[in-house]
Number of protein chains: 2
Amino acid sequence: MSEPGLSDGDGAAAGAADSHGQYISAIYRHMQVVIAAELAPYRIGSGQYIFLMAIASGRAVTQKALSARLLVDKATTAKAIAKLEAEGYVRRDPDPADNRYQLLELTDEGRQIVPYVKEALARVKARTRKGLSDEAYDSFIQSLKIVLRNLTELEEIRE
Amino acid sequence: MSEPGLSDGDGAAAGAADSHGQYISAIYRHMQVVIAAELAPYRIGSGQYIFLMAIASGRAVTQKALSARLLVDKATTAKAIAKLEAEGYVRRDPDPADNRYQLLELTDEGRQIVPYVKEALARVKARTRKGLSDEAYDSFIQSLKIVLRNLTELEEIRE
DNA sequence: TTAAATTAGTTGCAATATCATCCTATATAG
DNA sequence: CTATATAGGATGATATTGCAACTAATTTAA
């Protein structure tokens, strides 16, 4: 009885109706746990893999650029990079042209694990999108993009 | 240049393609900030409102039941309820029939602010779903439900 | 050229959240 | 009836994240 879930429960209650916020939050939290477990063998936490992947998918970047691309606070980036560096996956070279910048690159060890991390993430993605056709998934992503844009536009105004 | 965003960026890179995980995470984090700001006047953080609303929408519940319904760890529930209690919005009555249980109910002050919290949340919802038609939003919610179910099913197996 | 403003990154603090462990109360076994 | 198991909560440790304040380096203004 009383399957866990987020629905309004006892419908009658003057309903705020189903809201994406609740689902987003629950999905986020549960995915963090799954991803953390999946990446534990590589000593990478759920807070670091996006940075690793972002660095992997291009040439040297700065933390500022990473923060902007991933929509993350620069402090978060700094701390995540510090962990990746401590694990020996990422190297920080100060930009000779401008010593304020730290150019981020993968180490050899970093390049080695990237494929495994990619596989792990692909597994998580496949498991969690199960039941969504390609069309449904595509429109899902489109909706996510719209919601995210709504949120980031709010911020731009504020600046 | 280089609009912030999550897309694969330099497409060429052997693509993990667009993944809902990135968007979910970005949306979650940004919504936390917006909701925290919106609820600050009531001294309620982004981590407490779901509990307040859940308690508001029914008769007395236990923390265990809340945790299950909201898909949250019981420690998280305990801490959130403690804050709501400290603010005077929630009361914990030990169940006379079984002293292990704490029956949670709103205080008068709690009942007073609920409508304002609901309005605040409705504002956030309206702002963030802007650009999604009712049909699009509905199918969005359906997809979120599917993804969430995929995640919680994984856990059940594990137990 | 020197002073002020801007920029990239770091650090301290607080909030959210989970896991592991412990405590207390009830239920079950022997 | 006592001993063990179980259940709901509480607590401590740890991870992720954002904001504010700070440092160091470069750029812009006077």
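Since the model is a prediction, treat every value here as computed from it, not as a measurement. Every chain is numbered from 1 and lettered A, B, ... according to where its sequence line falls, protein lines coming before strand lines. Just so you know, these numbers use all the heavy atoms, side chains as well, and skip hydrogens, waters and symmetry mates.
Protein atom CD1 of A:Ile35 is 14 Å distant from nucleotide atom C1' of D:dA15, rounded to whole Å. Separating the CD1 atom of A:Ile81 from the P atom of C:dA8 is a distance of 15 Å, rounded to the nearest angstrom. When rounded to the nearest whole Å, the span between CG of B:Leu104 and P of D:dG9 equals 7 Å. When rounded to the nearest whole Å, the span between CE of B:Met31 and C1' of D:dT16 equals 19 Å. Spacing between atom CD of A:Gln63 and atom C1' of D:dA24 amounts to 14 Å, rounded to whole angstrom units. Atom C1' of nucleotide D:dG9 and atom CG of B:Asp93 are separated by 15 Å, given to the nearest angstrom.
Position along DNA chain D of the nearest nucleotide to A:Ala80 versus B:Val61 favours B:Val61 as the more 5'-ward residue.
Side chain to side chain, B:His30 and A:Thr152 fail the donor-acceptor criterion of an N or O pair below 3.5 Å. Using modelled atom types and a 3.5 Å distance limit, the side chains of B:Thr77 and B:Gln63 yield no donor-acceptor pair.
When all heavy atoms of A:Leu71 and B:Ala26 are compared, the pair lying nearest together is CD1-CB, 4.4 Å.
One finds no side-chain N or O of A:Gln102 lying less than 4.0 angstrom from the OP1 or OP2 phosphate oxygen of C:dT10. Contact annotation: A:Arg92 reaches the phosphate of C:dT10 (side-chain N/O to OP1 or OP2, under 4.0 Å).
With sequence neighbours left out, the ring pair (Phe, Tyr, Trp, His ring centres under 6.0 Å) criterion links B:Tyr42 to no other residue. Under the rule for a salt bridge (Lys or Arg N to Asp or Glu O under 4.0 Å), A:Asp95 has no partner lying at least two apart in sequence or in another chain. Residues passing the salt bridge (Lys or Arg N to Asp or Glu O under 4.0 Å) test with B:Glu85, sequence neighbours excluded: B:Arg92.
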In residues 109-117 of chain A, what donor-acceptor pairs under 3.5 Å come from side-chain atoms, sequence neighbours left out?
| residue | atom | partner | partner atom | Å |
| --- | --- | --- | --- | --- |
| A:Arg111 | NH1 | A:Leu106 | O | 3.4 |
| A:Arg111 | NH2 | A:Asp108 | OD1 | 3.0 |

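Each end of the helix from C:dT1-D:dA30 to C:dG30-D:dC1 yields a helix axis from five base pairs, and these two axes differ in direction by 0° (to the nearest 10 degrees).
When each of B:Leu104, B:Ile44, B:Leu84 is checked for a side chain to side chain contact (heavy atoms under 4.5 Å, CB included) with B:Phe51, only B:Leu84 meets the rule.
Between A:Asp18 and B:Lys145, at least one side-chain N (NZ, or NE/NH1/NH2) sits under 4.0 Å from a carboxylate O, which counts as a salt bridge.
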## Note on the structure
Protein heavy-atom contacts under 4.0 Å, written 5' to 3' over nucleotides 16-26 of chain C as B (base), S (sugar-phosphate only) or - (none), form the string SSBB-----BS
